[in-house]
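Values in this document were obtained by computation on a predicted structure and should not be read as measured data.
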Amino acid sequence: MVNQSANAAANNIVTYGSSAIVALQSGAALPSQFLTFLLGEEQFAVGILHIKEIIEYGSMATVPMMPACVRGVINLRGAVVPVMDLSARFGRSPSAITKRSCIVIVEVEGAGGEGKQVLGMLVDAVNAVVEIAAGDIEPAPSFGTRIRPDFIAGIGKFNGKFVILLAIDRVLSTEEVVEMARSGANDAAAPPLLS
């Protein structure tokens, strides 16, 4: 009986990215459904358990002294929700707004155990919700990607194509954004260098 349980547990082990391994070790369920979206020509995906809603790009208030990747804040039914430009977050030029641009509202872990935080991410277009089995997800490569390796939870295979599964808690890390804002404020407050 014990051996059967151990074998069943061993068969459930998958290797797809560090966040998935952490989820396995913690006993948390792995997402099998993902929302796919485009940034430029590249397709990315986020586990659907993080998604709260998708809204059209609308009016947005800019916030001074924020890092370039923070596009602004929106009023979401009375709540102030920061919106991050994923393209800028990945070190690319900010997303151009088109009629397909939209904001995906997600819930991520807050910095320092502050609980869940609601953030928006600006994407070029939302595609679909797809099902990707754990066996069709490969570990994130340690090099050769155009975004930071720690932003990638894995590479999913879907319809003969690859889709980058984002480790959204890291991509939208509020701790990192606060640090970027602080360093930007320090740079702005620093006296100009003499030549």
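Both Val63 and Leu172 belong to a common hydrophobic cluster when Ile, Leu, Val, Met, Phe, Trp and Tyr are linked at side-chain heavy-atom distances under 4.5 angstrom. Under the 4.5 Å side-chain heavy-atom criterion for ILVMFWY residues, a single connected hydrophobic cluster contains both Leu166 and Val129. Cluster membership for Leu35 and Val81, using ILVMFWY side-chain heavy atoms within less than 4.5 angstrom, is not shared. Side-chain heavy atoms closer than 4.5 Å link hydrophobic residues (I, L, V, M, F, W, Y) into clusters, and following such links, even through other members, never connects Val73 to Ile103. Ile48 and Ile168 fall within a single hydrophobic cluster, where Ile, Leu, Val, Met, Phe, Trp and Tyr are joined by side-chain heavy atoms under 4.5 Å apart, directly or via other members.
Minimum interatomic distance between Phe151 and Arg170 (heavy atoms only, all atoms of both residues): CE2-O, 3.7 Å. Ala45 and Phe34 get closest at one heavy-atom pair: CB-CB, 3.8 Å. Looking at every heavy atom in both residues, Ile132 comes nearest to Lys157 through CG2-O, 4.0 Å. Listed here is the closest heavy atom pair of Val83 and Leu122: CG1-N, 4.0 Å. Among all heavy-atom pairs drawn from Ser101 and Thr98, the shortest one is OG-N, 2.8 Å. Shown here for Ala68 and Ala88, the closest heavy-atom pair between the two residues is O-CB, 4.0 Å.
Between the Asp85 side chain and the Ser95 main chain, a donor and an acceptor come within less than 3.5 Å of each other. No side-chain donor-acceptor contact under 3.5 Å links Asn127 to the backbone of Thr36. Of the possible donor and acceptor atoms, none in the side chain of Ser32 sits under 3.5 Å from a partner among the backbone N and O of Ala133.
Take Lys99 and apply the side-chain hydrogen bond (donor to acceptor under 3.5 Å, both in side chains) test, not counting sequence neighbours, and it matches no residue. Scanning for side chain to side chain contact (heavy atoms under 4.5 Å, CB included) contacts around Ser173 gives Glu175, Glu176, with sequence neighbours left out.
Counting heavy atoms from C-beta outward, Phe158 and Gln43 have side chains that stay 4.5 Å or more apart. No side-chain heavy atom of Ile147 sits under 4.5 Å from any side-chain heavy atom of Val171. At a threshold of 4.5 Å between non-hydrogen side-chain atoms, the residues Ile155 and Ile164 count as touching.
For the atom pair SG of Cys69 and CE of Met84, the computed distance is 4.5 Å after rounding to the nearest 0.5 Å. Note that CD of Glu53 is 5.0 Å distant from CG of Leu76, once rounded to the nearest 0.5 Å.
Between Phe44 and Phe90, the distance separating the two ring centers is shorter than 6.0 angstrom.
For the side chain to side chain donor-acceptor pair (under 3.5 Å) with Lys116, the lone residue among Glu109, His50, Glu107 that qualifies is Glu109. If you run side chain to side chain contact (heavy atoms under 4.5 Å, CB included) between Phe37 and each of Leu86, Ile54, Asp124, only Leu86 comes through.
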